Each structure stands twice: as C-alpha cells, then as structure tokens.
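Let me begin by presenting the structure, written as structure tokens, before commenting on it.
Owing to the predicted nature of the structure, the values given are computational and were not obtained by experimental measurement. All ligand and atom numbering here is 1-based and tracks the order in the structure.
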Amino acid sequence: MDAAFSLAKAYEKYFKIGAAVSFMNVGSYEDILAQHFNSITPENEMKYSETEPEEGRFTFEAADKIFDTARRLGIKVRAHAPVWHNQTAPWMFDNKGRPAPPELIYERIDAHSKALCERYNADVYAWDVVNEAAHDDAPGAAGGSPVYRDSEYFRRCGADFIAAAFRSMDRYSPDAQLFYNDYSECDPAKRERIVALIRTLKEKGCRIDGLGMQQHYFVRPDYDELKRSIEIYASLGLRLHITELDVALIATLREGELSLRPGEPGFKDHLKQVLAPTPERLSKLGEIYLRLFEIYRSYSDVIDCVTTWGVADDHTWLDFFNPDPAMPQMKQYPMLFTEDHEPKPFVAELIAAAL
Ligand code: GLA
C-alpha cells in the first residue's frame, strides 16, 4: 500500500485519527490501524464489568490484548469509560445486601482507578473518566434532576460521584488528559445540561481537560448546531475530542425518498432496497463524512482527536443497536472501511481534503 495514503498522516497537522477496537477484532485490523490511525480506544475492555467483575478481582486480559497491539504499532490509547451507568457490575452499589453509602462507592472508584492507572498509564494519553451522566429526553431518564441522569450512581451519591471519579483519576493519572464524554451533545437541551455538569465539576475544583463529543449519527447532522456546540464547549476552556463518530446509512435518507411509511406492508423490503449499499448510496454517506471532517478541520485549534466507533463495516455496534423502533434493524455500513477492509472511495477524498 502507498505509505502516503494515510488518514493519520494527512490529518497530522489537524488532529489525531482514532478508532475503537475490541480484543476480538484488533488483530484483524492491524494493517489498517498501522496505515491510517494514530489513536486507539478499547470499545468495552476498560469498563468496570470487564476489568473488575467482582470487587478486587481484576481481569485485564482483554484490555491487555489491545494495549499489546497499540504498543507494537507505537500508538497511544484513549482509555474509555470506567464510570458509567452501564456495564458496571452490581457489587459497586452493594454493601452486604444493603445499599452502598457514597463513601464506599468513592473508595471503590479510587481503588479501581489506581489499579487501571498502575497497569496502563504509560500508554494512555487521555481518559473518558465519566460517561453519559447528563440525562437525555428519553422517558424516565430525568428522575427529578434538571441535569443528571437517574442512574444508580446518581441515586446513591448525587452528582458528587462525578467529582470523586475525576479526583481519583487525577491522583493516579496526573499526566493524561481527563475527559467527560456524552452523546446527543449537539442537541441544545442536552448541551445545556452537559455545560451545567462541567461548570459544577469545575466549581468543585476538579481537573477536567476536555469534552468527548460522541457524534453518533442516525439522522442527517445539523451542521450549524455542531459548529455552535464546538464553540460553546470550547468556550468553557476545554479541549475537544470527537470520540465515537459513526454515520448510519439511514442518516443519508432525504425527505420523500421513501414511497412507503413505517408499518405499511412491504416497508422493510422497500427500505432495504432504497438503503442498499450501492456506490451511489455510499457516496451520500461520504458526503456527510466529508462535511463533518471539513467542520472538524475548521476547528482544529480546539479539536485534538477524531475517533470513529469501529474500523470497518464487518464489526460495528450498529449491527445490534436500533435507535428507532419504527425502523427495522438493518445493516448500516457506517464505517470508513468496507467489510473486506478496503477503504471506501470517499476515504481518498477525506485524505485529499486535508493535504
Ligand atoms: C456508548 C458508549 C460506548 C459504547 C457505545 C455502544 O456510546 O460510550 O462505550 O458502549 O455506547 O457501542
């Protein structure tokens, strides 16, 4: 392969190009990672349920596999999402059959942070310390707080669990950048909550270096809101990482493109036909990626990394996740590389645009 044909090299003057990988697929992606990426994120392997399934019993095999590859390729790791309402085993909130008090939860977060940092600090340049703690507009997500998600952490500790997590990570990983990470981050109502969460954290004297903007797209991006969001978050004095970028093929649909509506007979086949991954359809996906990267480049003074949530279409969480129950679950072909690990045609345009 032509060594000059590289996303990471083309974008060196703007920001890092990252990919989320799993311990199961990282081996199969080694060539693509070496050619195109200079940041790696373990997709699930650093979460609590994977690294500490029972209190004090640490399981690092899966994460180690990714770190081994990263070291071999000379790529530093964006470590992802220990303190999160998902993928956290029940022991975190349990005290011998009774609800764990906040102090015990903070001790556990502290011990966990220490163990992870001691093992991985040398290869980690940034942490998503807390993930998705602001509530969204999903029914039941608010739980009484105008800002915070109604999670087990929040119910037990109030918002202080966020500060506790940042303090511990700062203690054990003083050299890595510390991020708060969330989704729907360009939605104006959610954005206000994220801003409030960050302001509160700063008022408590916590070190937070950056905001992770997940950037999962299931509908056409609102490019103006994206720009506005970047500006608002940057005005808080934060560095920005795009942390989980993917564009589902369904986001390329334009008004009026479907002649049947959800629920009508034959809708699923019709949708599958309209959204078949033809060169024309994939070039519409490419148009969205090109526009997004154009915006990211124009804010490269505040954006340091753009990570796609996966590498190629053969392994993507969107094969198992459907945000819209009215729509059938179908393959979304969201990544920059095909199922055969070939760059999609628009990757050449993404590279050319940066040179
Ligand atoms: C969220 C999390 C990620 C991952 C995705 C689904 O965005 O931040 O860690 O679990 O959901 O793959």
Just by distance, with hydrogens left out, do [X] and [Y] show a side-chain donor and acceptor under 3.5 Å apart?
X    : Y    : result
Y11  : S300 : no
N86  : E132 : no
N181 : T243 : yes
H85  : D150 : no
Y233 : R191 : no

Using the ring centroid of each side chain, check whether F60 and Y120 are separated by less than 6.0 Å.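 Ring centroids of F60 and Y120 are less than 6.0 Å from each other.
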Sub-4.0 Å heavy-atom environment of ligand 1, residues by chain: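 Around ligand 1, where the cutoff is 4.0 Å for heavy atoms, the contacting residues are E43, K47, H80, W84, N131, E132, Q214, H216, E244, W309, W317.
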